[in-house]
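Atoms within each ligand, like the ligands themselves, are counted from 1 in listed order. Atoms considered below: every heavy atom in the structure, side chains included; atoms not considered: hydrogens, waters and symmetry mates. Start at 1 with the first residue, then count along the sequence.
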Amino acid sequence: MVVNLSEQHSLVSNWVSELRDIELQTDRMRFRRNLERIGEAAAYEISKVLPFVNREVQTPLGVAAAKVLEHQPVLATILRAGLPLHQGLLNYFDKADNAFISAYRKHNKDGSFDISLDYISCPELEDRVLIISDPMLATGASLVKTIQFLKEEGHPKEIHVVTAVACTVGIEYVKREDPTVTIWCGDIDDELTAKGYIVPGLGDAGDLAFGVKIQM
Ligand SMILES: O=P(O)(O)OC[C@H]1O[C@H](OP(=O)(O)OP(=O)(O)O)[C@H](O)[C@@H]1O
Ligand SMILES: O=c1cc[nH]c(=O)[nH]1
Ligand SMILES: [Mg+2]
């Protein structure tokens with residue numbers, strides 16, 4: 001299932017439009033904060049489809065019937081652009097366990113690239129809700145490799161993916177890899193450049209959040 005969070009004219013479309021705006025992009029703090037806000041809104045939306053249990057809460061004046069989240073999810077993110085989006089999810093799922101994955105494009109001489117996974121830190125995943133965040137879902141190669149790796153580490157009960165901008169090609173690739181994944185995106189674009197950048201997209205999310213990196 002794919003949920004486009006901009007479809008309902010929510011504040012998410014406002015924040016995505018700011019992320020895309022070349023003039024506002026000079027303000028790195030706003031760029032990171034907008035990613036974080038999208039993470040927060042996505043956490044709120046995802047919470048609506050997670051199981052809750054009934055509890056009684058003692059207040060100073062009596063006992064209130066309450067519904068509380070049954071289990072905290074595992075929040076996984078792909079370095080480095082995923083960090084602000086991840087922080088937004090963690091602001092709301094504040095007791096979650098966390099996983100960090102570094103995935104990057106390793107370019108071959110013929111212009112093609114493979115995704116290399118280096119640093120990985122992962123909690124127990126067995127039978128847990130897994131939410132993977134990365135602001136850009138372009139070809140889908142980084143995300144599919146990450147999903148494949150995490151599934152080798154354990155068997156999550158369900159997988160959610162949170163992105164700011166997703167390309168239709170990447171969405172289809174993830175759906176082919178695992179049709180049970182739910183993708184929550186800030187917006188969806190249809191085009192990809194030959195180098196795998198989303199058009200109109202927003203540019204390089206990692207560079208815009210943290211500065212241009214030298215090519216390794
Ligand atoms: O769908 P794909 O074609 O795999 O592209 C998307 C990936 O590209 C970006 O990361 P990038 O490699 O630029 O690293 P960065 O976060 O360090 O900037 C983005 O954050 C995704 O991880
Ligand atoms: O458009 C894109 C594609 C991959 N990574 C980005 O940061 N932006
Ligand atoms: Mg980048």
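- The single protein non-hydrogen atom nearest to atom 5 (O) of ligand 1 is R105 NH2, 3.1 Å, given as residue, atom name and distance.
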Pair F93-L50, side chain to side chain contact (heavy atoms under 4.5 Å, CB included): steps then yes or no:
CA-CA 12 Å; F93 293 117; L50 298 182; 3.9 Å; yes
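- At least one N/O-N/O distance between A138 and ligand 1 falls below 3.5 Å.
- For atom 8 (O) of ligand 1, the nearest protein heavy atom lies 4.0 Å or farther away.
- Around atom 22 (O) of ligand 1, the closest heavy atom drawn from D134, I78, D207 belongs to D134.
- Using a 4.0 Å cut-off between charged side-chain N and carboxylate O, E177 and K145 make no salt bridge.
- Counting only heavy atoms of the protein, atom 13 (O) of ligand 1 lies nearest to D204 OD2, 3.7 Å.
- Below 3.5 Å of separation, one finds no N or O of L143 facing any N or O of ligand 1.
- Under the 4.5 Å side-chain heavy-atom criterion for Ile, Leu, Val, Met, Phe, Trp and Tyr, V3 and I171 are members of distinct hydrophobic clusters.
- Taken together through direct or relayed side-chain contacts under 4.5 Å among Ile, Leu, Val, Met, Phe, Trp and Tyr, W184 and L85 form part of one hydrophobic cluster.
- Two residues are said to be in side-chain contact when any heavy atoms from C-beta on lie closer than 4.5 Å; V199 and D189 fail this criterion.
- With salt bridges taken as basic N to acidic carboxylate O contacts below 4.0 Å, none links R32 and D27.
- Looking at K145, M136, R80, it is M136 that brings a heavy atom closest to atom 6 (C) of ligand 1.
- For D204, the N/O/S atom at the shortest distance from the Mg ion (ligand 3) is named OD1.
- Residues R37 and E40 are not paired through a salt bridge, judged by the lack of any N-O separation under 4.0 Å between the basic side chain and the carboxylate.
- Counting only heavy atoms of the protein, atom 16 (O) of ligand 1 lies nearest to A81 N, 2.9 Å.
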I'd like the atom pairs linking ligand 2 to the protein - N or O on both sides, separation under 3.5 Å - with distances to 0.1 Å.
{"residue": "ligand 2", "atom": "1 (O)", "partner": "I198", "partner atom": "N", "Å": "2.8"}
{"residue": "ligand 2", "atom": "7 (O)", "partner": "A205", "partner atom": "N", "Å": "2.9"}
{"residue": "ligand 2", "atom": "8 (N)", "partner": "G203", "partner atom": "O", "Å": "2.8"}

Run the side chain to side chain contact (heavy atoms under 4.5 Å, CB included) test on T139 and V169 for me, step by step, so that the C-alpha distance in whole Å, both residues' side-chain angles and the decisive distance to 0.1 Å come before the verdict.
CA-CA 6 Å; T139 64; V169 177; 5.7 Å; no
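- Heavy-atom distances between A141 and ligand 1 reach below 4.0 Å in at least one pair.
- With a 4.5 Å cut-off on side-chain heavy atoms, I132 and T77 do not count as touching.
- Considering only non-hydrogen atoms, atom 1 (O) of ligand 1 lies nearest to G140 out of S142, G140, A209.
- Just one residue in the list Q87, H86, H160 forms a side chain to side chain contact (heavy atoms under 4.5 Å, CB included) with L75, and that residue is H86.
- A salt bridge does not link D204 with K213: every distance from a Lys NZ or Arg NE/NH1/NH2 to an Asp or Glu carboxylate oxygen is 4.0 Å or more.
- Short contacts between ligand 1 and G206, defined as distances under 4.0 Å to a heavy atom of the residue, involve ligand atoms 18 (O).
- By the 4.5 Å heavy-atom criterion applied to side chains, E45 and L5 are counted as neighbours.
- Distances between N or O atoms of K213 and those of ligand 1 include at least one value under 3.5 Å.
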